[in-house]
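Encoded as structure tokens, the structure appears first; notes follow it.
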Amino acid sequence: MTTENPSDRDSATPIILDGWPVAEIPSGDGVYSNGSRDGANGWPGGGGAGAGAGSGGPGWGGASRLLDGLNPQQREAVEYRGPALLIVAGAGSGKTSVLTRRVASLIESREAWPSQILAITFTNKAAAEMRERVGALLGQGADGMWISTFHSACVRILRKEAENFGFTQSFTIYDSADSRVLLKRIIKELEADTFGFTPANASARISKLKNELADVESFARMVNTSDPQEAMFLAIFRAYTRALTVANAFDFDDLIGQTVYLFRAFPHVAAKYQRRFRHVLVDEYQDTNHAQYSLIRELTRAVPTDMVNELEAAGDHVRNLRDDEGKIPGASLTVVGDSDQSIYAFRGADIRNITEFERDFPGAKVVLLEQNYRSTQNILSAANAVIANNFDRKDKKLWSAGGDGDKIIGFTGYSGHDEAQFVADEIEKLHAAGMAYSEIAVFYRTNAQTRALEEIFIRSALPYRIMGGTKFYERAEIKDAMAYLAAVANPLDTLAMRRILNTPKRGIGPATETQLASFAEANDISFREALRDAASLGLGPKVTRAITGLSELLDEASALVAEGKVSDVITLLITKSGLVETLRSSRDPQDEARAENVEELIAVTKDFERNNPDGNLVDFLTEVSLVAAADDLDDSSGTVSLMTLHTAKGLEYDAVFLTGVEEDLLPHRMSAGEPGGPSEERRLFYVGITRARKKLHISLAMTRAQYGETSVAMPSRYLQEIPAELIEWRQSPGMANSRGGTQSRALNAQKSRWGDDSAPGLQGSFNGKALTEKKDWPNRVTNQVRDNGDLELQSGDRIRHTDFGEGRVQQVTGIGAKRIAHVAFDSAGAKKLLIKIAPIEKI
DNA sequence: TCTCATGCGGTTTTT
DNA sequence: CCGCATGAGA
């Protein structure tokens, strides 16, 4: 990930402990230990108002700077000192600002060294932003802090400590796709598919167990093995766990779970980190799962006296950290979160971690941030009204001093394309009125919804980018190239080895692969060594040559690793393996782009080298494994951003389009069965609403295409939870329906939901007839992509568009394939069209 | 062993 | 609709 700055990494890669500034604290210099200021050794018990702002005012110069422009609650959140602090931060309440200033104030007041601070965020993007903002406040003073995600913090610890429990520090990290490949093989071997197991559901179940910190052994103890299906699952879980261990690999969930295990099994290891981190801060606490919660608990545990003595005997400076009893008190914990924005329960996030924080950490202080600095009051009122429908939540109301602002704009399209056209048109209007594209975002529930949006956007020549779509690193050819690297870095990584075995095709088929695997098994050697011994397997000469050739290439590459540059290693691998060459000479036209992608990877490694001069191959692999969808958000690109509601969390835009607000989509059909499903979906809607600063658009469609079929869609139940006076419907569900023609209401339409007291114009529900009348829709958009070749247009030309009818070209801009016609249509108004693919003809 | 054709199933969100 | 698995033929 891009979040680790070089100096940060430096201290981690070699020996972590020795590099820590804390070891260099001159003894007797009590200023930097907790002991010097009020309430360190024995925290002022229980939620005391004393510790922060009031008592003994700050004696350092920069403090007021850090408090500038903060409201009283925010100030308190920055200044409070105590063992535990919960900041309940509503959407847009300035929590990042509070968090960064809190960190800065700890440093500036010399209450802590940077190295004593651990700040954990959920995404690399958030970590990067936080690091940047802390850096802006402190400059070099921020160096040495750990500001990272749960996962990268754990990787760092695990790499350092792996040898303690049977792994080597060059372990591979399996992402969810890797896990599924592995499970696929296991399920096939065990013939577990007959019990209904699939890689997806097995992986989900294992992940759930690991999030609860269960391992195979504990699971085996509680499972009912007389149930054959359960017995089978246990077998899968066993095989999976064993495969990971043998491959010297961790999956995503292991990164957290194994770190907790490490701390619990090896108290002296835990003590190092407990001693080091005196201030632990956790962002998005409502999204932590049990494993993450446990990790935090372990990290903030006190170090018992005898363990401190041990540390001291080993040469650590611990005296300043001891309390009266000689132990090192637990680190101070600050968590920030908002239970209304908890949207990851499906992934094991436990909302109780935040709702029961005060019970977990007795004496914890709670600060509430309710003033919103982001959105207009209308948007906030809608958000408040929606979220109020979730029961069992603490009442909390966002408010703004910024005025009501514009009404929310509602629109109902006849189809997903129609809806997309509305979005595109509105964006053009906003842009024409001076709003930058980069300040506009379009949200949707599922990735599948991007298709219609993309089609229309391309045609309308709207610059857009999809955040977290098919990611670069998920492409097969990139995974192939990465597998070569993984195989070199971790020779035990059988999964990677098998992946590259016949990629590119070198005549090593499944039969040979199985032979190699059983040869390895029988002789108790690794797959890698089996490759080396291929000659003794008695295979055909051609196959044997292919195998030894690959084996030698890997050897050559590992020799190169020692000399350094990752880019040289990857270059060697992808050229000598023939990976690029094969793609280049393929007659599949898509392979050309794939070859370019693989070569792009070289550029990526060079970037990495520039940013991490001391980074090695393992560091590079780690970085790549942990990059996530939300991380490559680059706001400077000047494009409209498209993303799922989940990706949207934590971001904000001037104008937001919330699309597909329909039953079965939001709330999603799949959520209906889950216990907290509908509430979580509502929170997702709430998150979407609260991303908007000034303009919020909510749209839906009457029919939606899915899996190639169109089906009738119903307005989302959440729509009617927004007070009618806050929405201005450009085209309400009722209006959209009536325009379609006859008003025969379907018998099963839910009339009561759309009673007169909700939005006006909503009474008419969708009817089944819409489908058959589809061809008459005025805004209908065909979904075939066409190519107009070198169609020449100039201003003054008349054209005909399949959807918009006839119009006159006003202007032509752009060059080549990106030529854009600005057209004034006779009835549809002004549009911009990408000439190459727009469904138009000259008349 | 590789390539092509056909049929089937699946589908939420992601560190 | 799309990707993937499966099976036949080269």
Side-chain angles (χ1 to χ4, degrees), chain A residues 1 3 120-127 148-155 173-177 179-181 184 188 193 198-201 203-204 207 210-211 250-257 283-284 287-289 291-292 342-349 443-449 451-452 467-471 474 476 501-502 504-513 539-540 542-543 546 582 586-588 625-631 643-649 660 664-674 677 680-681 683-685 687-688 704-710 783:
Chain A
M1 66 260 108
T3 62
I120 299 182
T121 62
F122 232 70
T123 64
N124 295 302
K125 164 88 163 44
S148 68
T149 62
F150 271 105
H151 295 268
S152 36
C154 286
V155 169
I173 300 165
Y174 283 178
D175 65 20
S176 4
S179 297
R180 247 173 286 139
V181 171
K184 194 168 157 189
K188 197 166 186 179
D193 50 336
T198 63
N201 65 30
S203 149
S207 175
K210 288 188 176 181
N211 286 335
F250 292 111
D251 68 17
F252 263 143
D253 301 311
D254 283 338
L255 296 178
I256 316 288
D283 196 9
E284 308 280 16
D287 285 330
T288 50
N289 60 34
Q292 289 161 335
S342 158
I343 54 174
Y344 285 108
F346 74 94
R347 203 169 75 188
F443 302 155
Y444 37 82
R445 177 65 233 269
T446 68
N447 283 115
Q449 289 167 253
R451 209 159 276 159
M467 325 295 333
T470 311
K471 285 165 272 173
E474 280 174 10
L501 191 61
N502 199 30
K505 305 260 184 280
R506 42 172 83 88
I508 311 174
T512 313
E513 183 181 334
L539 296 159
K542 219 173 130 193
V543 178
T582 314
S586 156
R587 48 191 190 81
D588 182 341
S625 313
L626 297 179
V627 284
D631 292 334
M643 68 192 83
T644 65
L645 283 164
H646 283 86
T647 314
K649 194 177 67 161
D664 288 349
L665 212 47
L666 187 70
H668 196 274
R669 189 187 298 109
M670 292 289 130
S671 72
E674 311 283 307
E680 176 145 320
E681 297 286 307
R683 290 194 290 269
L684 205 44
F685 188 45
V687 165
R704 175 116 3 222
Q706 49 178 5
Y707 323 139
E709 293 205 322
T710 43
N783 61 356

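In what follows, chains are A, B, ... by sequence order, proteins preceding strands, each numbered from 1. Note that the structure is a prediction, hence the values are computed from the model and not measured.
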Practice item. Give A:F150 one of three labels, base, sugar-phosphate or nothing, depending on what nucleic acid heavy atoms sit under 4.0 Å from its own. Key: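 Nothing: the residue A:F150, judged by heavy atoms under 4.0 Å, touches no strand.
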Review point. What does A:A705 touch in the nucleic acid at a heavy-atom separation under 4.0 angstrom: a base, only the sugar-phosphate, or nothing?
Key: nothing
Under the rule for side-chain hydrogen bond (donor to acceptor under 3.5 Å, both in side chains), what residues qualify as partners of [X], not counting sequence neighbours?
X      : result
A:Y444 : none
A:S671 : none
A:N201 : A:T198
A:D254 : A:K210

It should be established whether [X] places a side-chain nitrogen or oxygen under 4.0 Å from OP1 or OP2 of nucleotide [N].
X      : N      : value
A:S671 : B:dT13 : no
A:T512 : B:dT1  : yes
A:T647 : B:dT14 : yes
A:N447 : B:dT13 : yes

Rounded to whole angstrom units, what separation is found between the [atom1] atom of [X] and the [atom2] atom of [N]?
X      : N      : atom1 : atom2 : result
A:Y174 : B:dT15 : OH    : C1'   : 19 Å
A:F122 : B:dT13 : CZ    : P     : 17 Å
A:N124 : B:dT14 : CG    : C1'   : 13 Å
A:E680 : B:dT12 : CD    : C1'   : 10 Å
A:Q449 : B:dT13 : CD    : C1'   : 11 Å
A:K188 : C:dC4  : NZ    : C1'   : 12 Å
A:K125 : B:dT15 : NZ    : C1'   : 16 Å
A:D254 : B:dT15 : CG    : P     : 18 Å

Check your understanding: Which pair of non-hydrogen atoms, one from A:T582 and one from A:P504, has the smallest distance, and what is that distance?
Key ->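 The answer is OG1-CB, 3.4 Å.
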Exercise for review: May I ask whether A:F346 stacks on the base of B:dT13, given the cut-offs of 5.5 Å between ring centres and 30° between planes?
Suggested key: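 Yes; by the centre-distance and plane-angle rule, A:F346 counts as stacking on B:dT13.
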Exercise for review: For A:R180 and A:P199, indicate whether the former's side chain and the latter's backbone hold a donor-acceptor pair under 3.5 Å.
Suggested key: no
Exercise for review: Please assess A:F346 against A:H646 for the test ring-ring contact (aromatic ring centres under 6.0 Å, His included), listing each intermediate value before the final yes or no.
Suggested key: CA-CA 12 Å; A:F346 74 94; A:H646 283 86; 5.6 Å; yes
**Study point:** Minimum-distance nucleotide (side-chain atoms of A:T644 versus B:dT12, B:dT14, B:dT15)
**Key:** B:dT14
Exercise for review: Please determine, for the side chain of A:H668, which listed nucleotide (B:dT12, B:dT15, B:dT14) has the closest atom?
Suggested key: B:dT12
Filtered N/O pairs between nucleotides 2-6 of chain B and protein, under 3.5 Å:
| residue | atom | partner | partner atom | Å |
| --- | --- | --- | --- | --- |
| B:dC2 | OP1 | A:G507 | N | 3.1 |
| B:dC2 | OP2 | A:N502 | ND2 | 3.3 |
| B:dC4 | OP1 | A:R587 | NH2 | 2.5 |

Practice item. With sequence neighbours left out, write down each residue that passes ring pair (Phe, Tyr, Trp, His ring centres under 6.0 Å) with A:F443, or none if nothing qualifies. Key: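 Partners of A:F443 by the ring pair (Phe, Tyr, Trp, His ring centres under 6.0 Å) criterion come out as none, since no residue qualifies.
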Review point. Closest nucleotide of DNA chain B for A:E681 versus for A:Q292: which of these residues is on the 5' side?
Key: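 The answer here is A:E681.
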